[in-house]
Every structure is written in C-alpha cells, then in structure tokens.
> 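The structure follows.
Count residues from 1 along the sequence.
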Amino acid sequence: MTLLITWPDSGPGNAVRHTVDPDEIAAALAPAGVRYEQWPLREGLPEDPAPEAVLSAYRDAVDGLAAAEGFATIDVVGLRPRKDLGWRLTAKAERKKFLSEHTHDDDDEVRFFVAGAGAFYLHVGSEVHAVLCEAGDLLGVPRGTKHWFDMGAAPSFTVIRFFHDESGWIGNFTGSDIALRFPDFDGLVAARSAG
C-alpha cells in the first residue's frame with residue numbers, strides 16, 4: 001500500500017499529513033506539480049524480468065506517456081536481493097548515489113514501479129513529502145524540485161524510467177544534509193505497518 005507522510009522541513013517530529021488514500025496523495029502533491037498516478041499491473045511477468053519483457057508488457061502505457069510528454073529515452077532498472085557479496089556492494093553503492101538531496105535542471109524524474117518499492121522524498125517549500133511507492137505507482141517529480149530517493153537496505157524493485165534528455169539521469173546535489181534528518185525507506189515501511 002502506497003503511503004504519503006508530510007512533515008515540516010525542520011524535522012519529522014509532527015506529521016502534517018499521513019495517508020494511504022491514492023486520491024488524497026495525488027491531491028496533496030499536485031500543487032507542487034508532482035504527478036501521482038496508479039497504473040494497472042500486467043500479469044505474467046517473472047519475478048526478475050528482463051527490461052525488454054517489462055517494456056513489452058507495458059508498451060501501450062509507455063508509448064502513450066512518451067508521445068504525450070515527449071520522452072526521448074525510456075529504460076528499465078531494478079535490483080533484487082541476492083546472496084552474493086557483489087550484490088550487497090552494488091546495492092549499497094546504488095542506494096548511496098540517490099540518498100542526498102538533489103535536483104534535475106534539465107529533466108523531470110518520472111518513474112513507474114513495475115514491482116517492489118522505493119521512497120521519494122520531495123522537499124517543497126517548507127515541507128518534506130515522503131512518498132512510499134509500490135508496484136503500480138507512477139510518480140513524476142518536476143525538474144528543479146529538491147528531492148532524494150531511498151531504496152532501502154535490501155533493495156527490491158523494478159521501475160520504468162522516462163527521460164526527456166537522452167543523457168538520462170543527471171543529478172545536481174544541493175549539499176544539504178536534510179535527508180539524514182528524516183526516516184529512511186525502512187522507517188517508512190515500519191510506519192506504514194504501524195499506521
């Protein structure tokens with residue numbers, strides 16, 4: 001179940017919003033220009049599908065969004081837990097790459113979760129919106145919006161990424177340590193379970 005928690009950017013002491021309702025999530029994020037939608041999941045994909053299989057399964061939705069919004073590059077990325085040391089090192093490095101607050105000056109950050117989960121944190125004005133996304137969720141973060149992403153200590157997700165810029169993901173880091181002051185992905189999962 002998707003979760004949105006909004007806090008003042010001074011810290012997570014008092015949440016001003018806590019909801020799992022998709023309509024409330026979309027309405028709360030819309031004033032910041034953030035797109036939140038839920039797409040129907042496609043049946044028959046394996047647990048760790050090849051990118052081609054994912055794009056084929058979602059071809060109509062992907063092509064429709066790409067045509068409507070002019071996306072130049074579309075790819076599929078994901079991580080699944082494995083028992084080898086190499087996977088743990090890769091997962092740790094990938095998680096660290098996105099954990100610091102950053103913006104994208106030349107592109108929106110649009111992700112559709114095919115499987116698994118991840119958390120986007122949006123620093124908009126004087127608030128931080130934590131959006132725990134799961135399979136079926138599409139989130140679009142407008143260019144210039146301060147944010148970070150956490151995939152958790154044991155990442156498990158597959159996402160379709162949409163880019164206007166052919167060079168793909170380019171982050172401009174703000175240098176802020178704000179991400180350290182808020183619950184991480186695993187904390188959000190625990191909050192959702194408690195809530």
Side-chain angles (χ1 to χ4, degrees), residues 1-7 9 11-12 25 29 34 36 45-51 54 73-105 107-124 127-163 165 167-195:
M1 188 179 322
T2 307
L3 170 69
L4 169 66
I5 303 177
T6 303
W7 299 284
D9 66 0
I25 293 170
L29 298 176
V34 176
Y36 173 76
L45 283 171
E47 185 174 314
D48 193 7
V54 172
T73 302
I74 300 163
D75 67 10
V76 177
V77 297
L79 283 171
R80 292 271 183 244
R82 305 212 191 293
K83 295 184 182 196
D84 60 276
L85 178 62
W87 177 84
R88 281 184 249 143
L89 294 174
T90 297
K92 186 175 181 178
E94 286 297 309
R95 183 182 191 200
K96 184 177 179 184
K97 177 179 177 181
F98 304 109
L99 269 178
S100 295
E101 184 183 69
H102 60 277
T103 64
H104 304 288
D105 292 341
D107 214 342
D108 302 328
E109 184 157 347
V110 179
R111 305 291 180 263
F112 171 67
F113 283 79
V114 174
F120 278 91
Y121 297 78
L122 313 168
H123 186 190
V124 179
E127 294 182 322
V128 170
H129 304 282
V131 187
L132 178 60
C133 295
E134 295 189 325
D137 290 338
L138 178 119
L139 191 75
V141 180
R143 67 190 71 203
T145 302
K146 291 186 257 183
H147 66 284
W148 64 95
F149 177 74
D150 189 8
M151 57 187 78
S156 181
F157 67 90
T158 301
V159 296
I160 301 174
R161 305 186 305 173
F162 298 83
F163 299 100
D165 188 328
S167 53
W169 192 93
I170 300 171
N172 301 308
F173 293 90
T174 66
S176 172
D177 68 350
I178 189 168
L180 301 174
R181 298 194 302 262
F182 288 86
D184 64 7
F185 170 85
D186 299 305
L188 288 181
V189 170
R192 181 191 58 197
S193 298

> Would you please test T158 and V54 for side chain to side chain contact (heavy atoms under 4.5 Å, CB included) and show each step?
CA-CA 9 Å; T158 301; V54 172; 4.2 Å; yes
> Can you list the residues that meet the ring-ring contact (aromatic ring centres under 6.0 Å, His included) rule with F157, with sequence neighbours excluded?
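Expected list: none.
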> On the 0 to 90° scale, with breaks at 30° and 60°, tag the F113-F120 ring pair as parallel, tilted or perpendicular.
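Judged by the thresholds at 30° and 60°, the geometry between F113 and F120 is perpendicular.
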> If you measure from OH on Y36 to OG1 on T2, what distance do you get to the nearest 0.5 Å?
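It is 3.5 Å, given to the nearest 0.5 Å.
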> Would you give the length of the straight line joining atom CZ of F162 to atom CD1 of I74, rounded to the nearest 0.5 angstrom?
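The CD1 atom of I74 is 5.5 Å from CZ of F162, to the nearest 0.5 Å.
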> What distance separates D137 CG from R111 CZ, expressed to the nearest 0.5 Å?
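D137 CG to R111 CZ: 14.0 Å, rounded to 0.5 Å.
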> Name all residues meeting the ring-ring contact (aromatic ring centres under 6.0 Å, His included) criterion together with F112; count only those two or more places apart in sequence or in a different chain, and write none if there are none.
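Once residues adjacent in sequence are excluded, the partners of F112 under the ring-ring contact (aromatic ring centres under 6.0 Å, His included) criterion are W39, Y58.
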> With sequence neighbours left out, write down each residue that passes side-chain contact (heavy atoms from CB on, under 4.5 Å) with A130, or none if nothing qualifies.
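Testing A130 for side-chain contact (heavy atoms from CB on, under 4.5 Å), a comparison that skips the adjacent residues, returns W7, Y121, L188.
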> Kindly write out the residues that satisfy salt bridge (Lys or Arg N to Asp or Glu O under 4.0 Å) with D9, not counting sequence neighbours, or none if the list is empty.
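Listed in chain order: nothing, the list is empty.
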> Holding to salt bridge (Lys or Arg N to Asp or Glu O under 4.0 Å), I want the full list of residues that pass it with D150, two or more places apart in sequence or in another chain.
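Residues passing salt bridge (Lys or Arg N to Asp or Glu O under 4.0 Å) with D150: R95.
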> Residues two or more places apart in sequence or in another chain: which of them pass side chain to side chain donor-acceptor pair (under 3.5 Å) with T174?
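T174 satisfies side chain to side chain donor-acceptor pair (under 3.5 Å) with E101 once adjacent residues are dropped.
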> Nearest 0.5 angstrom please: T145 OG1 to H102 NE2, how far?
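The OG1 atom of T145 sits 10.5 Å away from the NE2 atom of H102.
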> Which atoms form the tightest heavy-atom contact between W148 and F98, and what is the distance?
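Of all heavy-atom pairs spanning W148 and F98, the closest is CB-O, 3.5 Å.
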> Any donor and acceptor pair, going by atom type alone, linking the side chain of D108 with main-chain N or O of V110 inside 3.5 Å?
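Absent.
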> Test of understanding: with side chain to side chain donor-acceptor pair (under 3.5 Å), list the residues that count as partners of E134, not counting sequence neighbours.
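E134 satisfies side chain to side chain donor-acceptor pair (under 3.5 Å) with R192 only.
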> Roughly how far, to the nearest 0.5 Å, is the CG atom of L138 from the SG atom of C133?
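Reported value, rounded in 0.5 Å steps: 8.5 Å.
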> Taking C-beta and beyond as the side chain, do P142 and V34 meet within less than 4.5 Å on heavy atoms?
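Yes. Closest side-chain heavy atoms under 4.5 Å.
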> Could you pull out the closest heavy-atom pair between P155 and P81, with the gap in Å?
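Minimum heavy-atom separation between P155 and P81: O-CD, 3.4 Å.
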> Can you tell me how far OG1 of T6 sits from CG of L29, rounded to the nearest 0.5 angstrom?
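Rounded to the nearest 0.5 Å, the CG-OG1 separation comes out at 7.0 Å.
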> With sequence neighbours excluded, what pairs up with D48 under the side chain to side chain donor-acceptor pair (under 3.5 Å) test?
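Result, side chain to side chain donor-acceptor pair (under 3.5 Å) vs D48: R82.
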> Using the test salt bridge (Lys or Arg N to Asp or Glu O under 4.0 Å), find all partners of E127 that sit at least two apart in sequence or belong to another chain.
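By the salt bridge (Lys or Arg N to Asp or Glu O under 4.0 Å) rule, E127 matches no residue at all.
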> Apply side-chain contact (heavy atoms from CB on, under 4.5 Å) to A135 and list each qualifying residue two or more places apart in sequence or on a separate chain.
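Residues passing side-chain contact (heavy atoms from CB on, under 4.5 Å) with A135: L41.
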> Hey, would you say the H147 and H104 ring centroids sit under 6.0 Å apart?
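Centroid distance H147-H104: below 6.0 Å, so yes.
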> Who are the salt bridge (Lys or Arg N to Asp or Glu O under 4.0 Å) partners of R80, not counting sequence neighbours?
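For R80 there are no salt bridge (Lys or Arg N to Asp or Glu O under 4.0 Å) partners, ignoring immediate neighbours.
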